[in-house]
Amino acid sequence: MTSTEPSSPPTGRHPATATSAGAAGSDFIRELVRADIEQGTFGGRVCTRFPPEPNGYLHIGHAKAICLDFGIAQEFGGVCNLRFDDTNPLTEDEEFVDGIIADLAWLGFTSEGPPLYASDYFEQLHQWAEHLIGQGLAYVDDQDGDAISAGRGGFGQAGVDSPFRSRTVEENLELFRGMRSGAFADGARVLRAKIDMQHENMQMRDPVMYRIRRSHHFRTGDAWVIYPTYDWAHGQSDAIEGVTHSLCTLEFDSHRQLYDWYLSHVPVPGDVPRQTEFARLELTHTVTSKRKLAQLVADGAVDGWDDPRLPTLRGLRKRGYPASAIREFCAFIGAARTNSRHAIELLESFVRTELNRTAIRRMAVLRPLRLVITNWPDDADGRPVVELREAVNNPENDADGVRQVPFSRVLYIERDDFMEDPPSQFFRLSPGREVRLRAAYFVTCTEVVKDADGEVVEVRCTYDPATAGGSAPDGRKVKATMHWVSADHALDATVALYDRLFSAEVPGEATGDPLDDLNPTARELLTGCKLEPAAGDTAPGTVVQFERLGYFARDIETPTLWHRTVGLRDEWANIQKRLPKR
RNA sequence: UCGGGGGUGGUGUAAUCGGCAGCACAGGGUCCUUUGGAGUCCCUGGUCCAGGUUCGAGUCCUGGCCCCCGAGCCA
């Protein structure tokens, strides 16, 4: 596993966010846990669990749940179990359990022991199912899916009892054993809890507990042809593990009644766990639904689960998002029962804050324009002098030291940093204007060279030798400082610029299909970018700041590829937006 | 339609027992600056609506409005 940062142990409390808003320790769940401890509800014990289904990779929405599950356990001296909810062999795969464990570790969390699996409890679950049958609280139903669905009724409309609802205990037991032993075809029968077909809560209208499904399970192989449903497996698995606080998202609210019903009718050992729901995390301009992400991957709309445009943990990691920034973001937004969609900009601001502190600075020119210094001296051999200029690695951290950057007659500057006919607010280079080249000299534009099409292909300048280091002895000021790269020393690179994956704030809001809002220019590949030599020393996977441009992560497999993590706040871009169109 | 859960600036999120509506992002401006970065200081802007209780209501009560979830043999 690779990491873009030394993986710091999660502390659960992050100083930077322990302010009045969103401070860890102040949400309704933590208050509840605190109250439970004070009242000795679970003997003062706290045990949570994070229960991903191994049918896809983790995304930023899971990060919120993870920070809650693991964070709360840590804060209250408890443990958090990683339990794979592998009750549906059709979609699940080992590939995903490995990926989930790796992503979890990258985020900064590991479970204490080896990971747990709901499939480890299949035998116990089966025994308890027979117990329910024995109590007359479960029965085998021969109806097909459509009939069961129809019999369930609708909102405000009572369901009707299945014609098989009144089978005897003995008959049910025999049929259920037949289900297990493979006597019946897939889908031929199900085991249902016998609760109340007229119940106002649809979840309580005799929910299915087992279905017949001849599918190879990645852990239990072909040992089982019947598989428990989520509702039947979950609460009992929690109880088996001694989970006290089972935290899940709001859509399971109506399942809580069923969760409690099962637990109160099965002889589970120890404390009865309690389910508490919170609002799932949603972000603007993206989707946090495993189903939709899987579809993007399957459709080839993105390169894979680790595509940097995706809000998957591995996508964000490849893109350069520090795990700590994600943790702090999650701590900051807290937990509540209010449905909410956070602005993606808020997440980005946490990324910038972290990277500003930690990222080494380098100079890179994304869209090169030649700049020739006409009065630059030659050496004894008649070649342009090459001078090494000292530049600080990170103005936010002196300990990061300095580096030498070669400077000579022919440089590249950013095309956007030159305008032949600039508006008044533009104070970068233009004819006759003097600017500072970062860590080097003041230069003044004296001439513009164009090609046959009138395109500027080169700017010529003079430099002032007295301004070495970047300040003029006579005290004169320049209004702009620009980055540059020496043409003879430049490293070639490809840079991937990323924009919102979806152009709409709420993907799919207009048409119902998020895919309709996919942003076709979410990735722009720039080739022929020029990097200062020291950028080549950067370890793959690390994130550096290309000065004045943003933060960029060096790709692991392709060292000449850089991913833009996030841009710098860009005042000039704001000015341009306000500028009247010309 | 029935049941459940929610509504605090543009977006999120706080507010002890009922006691000055705070913080962040976004937006506008200031100062500073060898990154138009970072930092600084300031500003704009809010309790869904209507009643009620109270010296005092985001918080309690009544009624309404709006949003989300729920009828998989998905989780």
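Values reported hereafter were calculated over all heavy atoms of this structure, with side chains retained and with hydrogens, waters and symmetry mates removed. The chains referred to below are lettered A, B, ... by the order of the sequence lines, with proteins before strands, and numbering in each begins at 1. Everything quoted here is computed from the prediction, not taken from an experiment.
Taking the six-membered ring for Trp and thresholds of 30 and 60 degrees, A:F218 and A:Y117 have ring planes more than 60 degrees apart, a perpendicular arrangement. Aromatic ring pairs are classed by plane angle as parallel below 30°, tilted from 30° to 60° and perpendicular above 60°; the pair A:W562 and A:F546 is tilted.
Residue-level contact check: A:R152 touches the backbone only, with heavy atoms under 4.0 Å from sugar-phosphate atoms and none from bases. Here A:L437 lies out of heavy-atom contact (under 4.0 Å) with every strand. Nucleic acid contact class of A:R189 (heavy atoms, under 4.0 Å, all strands): none. Using a 4.0 Å heavy-atom criterion, one finds that A:R361 contacts the bases of the nucleic acid, with or without backbone contacts as well. The residue A:Q425 sits close to a base: some heavy atom pair falls under 4.0 Å. Residue A:D186 is classed as having no contact, given no heavy-atom separation below 4.0 Å to the nucleic acid. A:H255 comes within 4.0 angstrom of a base, heavy atoms only. At the heavy-atom level, A:S471 lies under 4.0 Å from base atoms of the strands shown. Nucleic acid contact for A:E396: base, since at least one base atom lies under 4.0 Å from a heavy atom of the residue. No engagement by A:Y210 is indicated, since no non-hydrogen atom pair under 4.0 Å with the nucleic acid exists. Using a 4.0 Å heavy-atom cutoff across all strands shown, A:Q198 reaches no nucleic acid atom at all. Within 4.0 Å (heavy atoms only), A:F252 reaches at least one base atom of the nucleic acid. Looking at heavy-atom distances under 4.0 Å, A:F426 makes contact with a base. Residue A:I212 is out of contact with every strand shown, counting any heavy-atom pair closer than 4.0 Å.
The gap from the C1' atom of B:rA21 to that of B:rG9 amounts to 11 Å, rounded to the nearest Å. Nucleotides B:rG37 and B:rG28 place their P atoms 13 Å apart, quoted to the nearest Å. Across B:rC25 and B:rU62, the matching C1' atoms stand 38 Å from one another, rounded to whole Å. One C1' atom belongs to B:rG6, the other to B:rU47, and the distance between them is 15 Å to the nearest Å. Nucleotides B:rG29 and B:rG22 have their C1' atoms positioned 22 Å apart, rounded to a whole Å. Nucleotides B:rA71 and B:rU53 have their P atoms positioned 44 Å apart, rounded to a whole Å. To the nearest whole angstrom, the two C1' atoms, one in B:rC32 and one in B:rC41, are 11 Å apart. Between the C1' atoms of B:rU1 and B:rC69, the separation comes to 16 Å (whole Å).
The shortest distance between the side-chain N/O atoms of A:R341 and the OP1/OP2 oxygens of B:rC67 is not below 4.0 Å.
By the salt bridge (Lys or Arg N to Asp or Glu O under 4.0 Å) test, A:E396 pairs with no residue at all, sequence neighbours left out.
Between A:R205 atom CZ and B:rG72 atom P there is a gap of 11 Å when expressed in whole angstrom units. When the P atom of B:rC74 is taken as reference, atom CG of A:L90 falls 8 Å away, rounded to whole Å. Atom CG in A:D416 sits roughly 19 Å away from atom P in B:rU35 (whole-Å rounding). Between the CZ atom of A:F329 and the C1' atom of B:rU11 there is a distance of 11 Å, rounded to whole Å. Rounded to an integer number of Å, the gap from CG of A:L250 to P of B:rG7 is 11 Å. At whole-Å resolution of the value, CG in A:N88 and P in B:rA75 are 5 Å apart. Between A:D231 atom CG and B:rA71 atom C1' the separation is 14 Å, expressed in whole Å. Atom OH of A:Y230 and atom P of B:rG70 are 14 Å apart (whole Å).
Taking the charged nitrogens against the carboxylate oxygens, A:E251 and A:R280 do have a contact shorter than 4.0 Å, which makes a salt bridge. We find that A:R428 and A:D416 are not joined by a salt bridge, their nearest charged nitrogen and carboxylate oxygen being 4.0 Å or further apart. Using a cut-off of 4.0 Å between Lys/Arg side-chain N and Asp/Glu carboxylate O, A:R362 and A:E547 are scored as not salt-bridged. Between A:D260 and A:R274 no salt bridge is recorded (no basic side-chain N to carboxylate O distance below 4.0 Å). Contact check on A:D196 versus A:R205 returns no salt bridge, with no Lys/Arg side-chain nitrogen under 4.0 Å from an Asp/Glu carboxylate oxygen.
Of the candidates B:rG5, B:rC73, B:rU35, B:rC73 carries the atom nearest the A:V190 side chain, counting heavy atoms from C-beta on. Considering only side-chain atoms of A:N339, the nucleotide from B:rC68, B:rA75, B:rG12 that sits closest is B:rC68. Comparing B:rG37, B:rU35, B:rU13 against the side chain of A:T338 picks out B:rU13 as the nearest. Of the candidates B:rA75, B:rA15, B:rG37, the closest approach to any side-chain atom of A:T87 belongs to B:rA75. Listed candidates were B:rA24, B:rU35, B:rG36. Nearest to the side chain of A:W572 is B:rG36.
Of the two residues contacting RNA chain B, namely A:Y551 and A:D144, the nearest-nucleotide position lying further toward the 5' end is that of A:Y551. Along RNA chain B, the nucleotide nearest to A:T353 and the one nearest to A:Q545 differ in position, and the one closer to the 5' end is contacted by A:Q545.
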_Test ring-ring contact (aromatic ring centres under 6.0 Å, His included) applied to A:F96 and A:Y57, step by step_ = CA-CA 6 Å; A:F96 297 119; A:Y57 287 92; 5.2 Å; yes
*Start with the C-alpha distance between A:W232 and A:Y210, add both sets of side-chain angles, then the distance that settles side chain to side chain donor-acceptor pair (under 3.5 Å), and finish with yes or no.*
CA-CA 8 Å; A:W232 169 239; A:Y210 280 96; 3.2 Å; yes
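Under the Watson-Crick or G-U wobble criterion, with both distances below 3.5 Å, B:rA75 is left unpaired in every strand shown. Pair assignment for B:rC31: B:rG39, on the basis of Watson-Crick or G-U wobble contacts that are both within less than 3.5 Å. B:rU13: Watson-Crick or G-U partner is B:rG22, with both key distances under 3.5 Å. In this structure, B:rG3 and B:rC69 make a Watson-Crick or G-U wobble pair, each of the two defining distances being under 3.5 angstrom.
Nearest heavy atoms, A:S289 versus A:H59: N-NE2, 4.1 Å.
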Between the protein and nucleotides 1-4 of chain B, which nitrogen or oxygen pairs come in under 3.5 angstrom?
from: B:rU1; atom 1: O2; to: A:F155; atom 2: O; distance (Å): 2.7
from: B:rG4; atom 1: O2'; to: A:D253; atom 2: OD1; distance (Å): 2.9

What pairs of nitrogen or oxygen atoms, one from the protein and one from nucleotides 25-27 of chain B, lie under 3.5 Å apart?
none

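Within a 6.0 Å radius of CD in A:E509, no more than 12 heavy atoms belonging to other residues, nucleotides or ligands are found.
Within the 3.5 Å criterion, the main-chain N or O of A:R214 finds a donor-acceptor partner in the side chain of A:D186.
In this structure, A:R192 fails the cation-pi test against A:Y139, since its NZ or CZ atom is not both closer than 6.0 Å to the six-membered ring centre and inside 45 degrees of the ring normal.
For B:rG9, the base adopts the anti conformation, since its glycosidic angle falls more than 90 degrees from zero.
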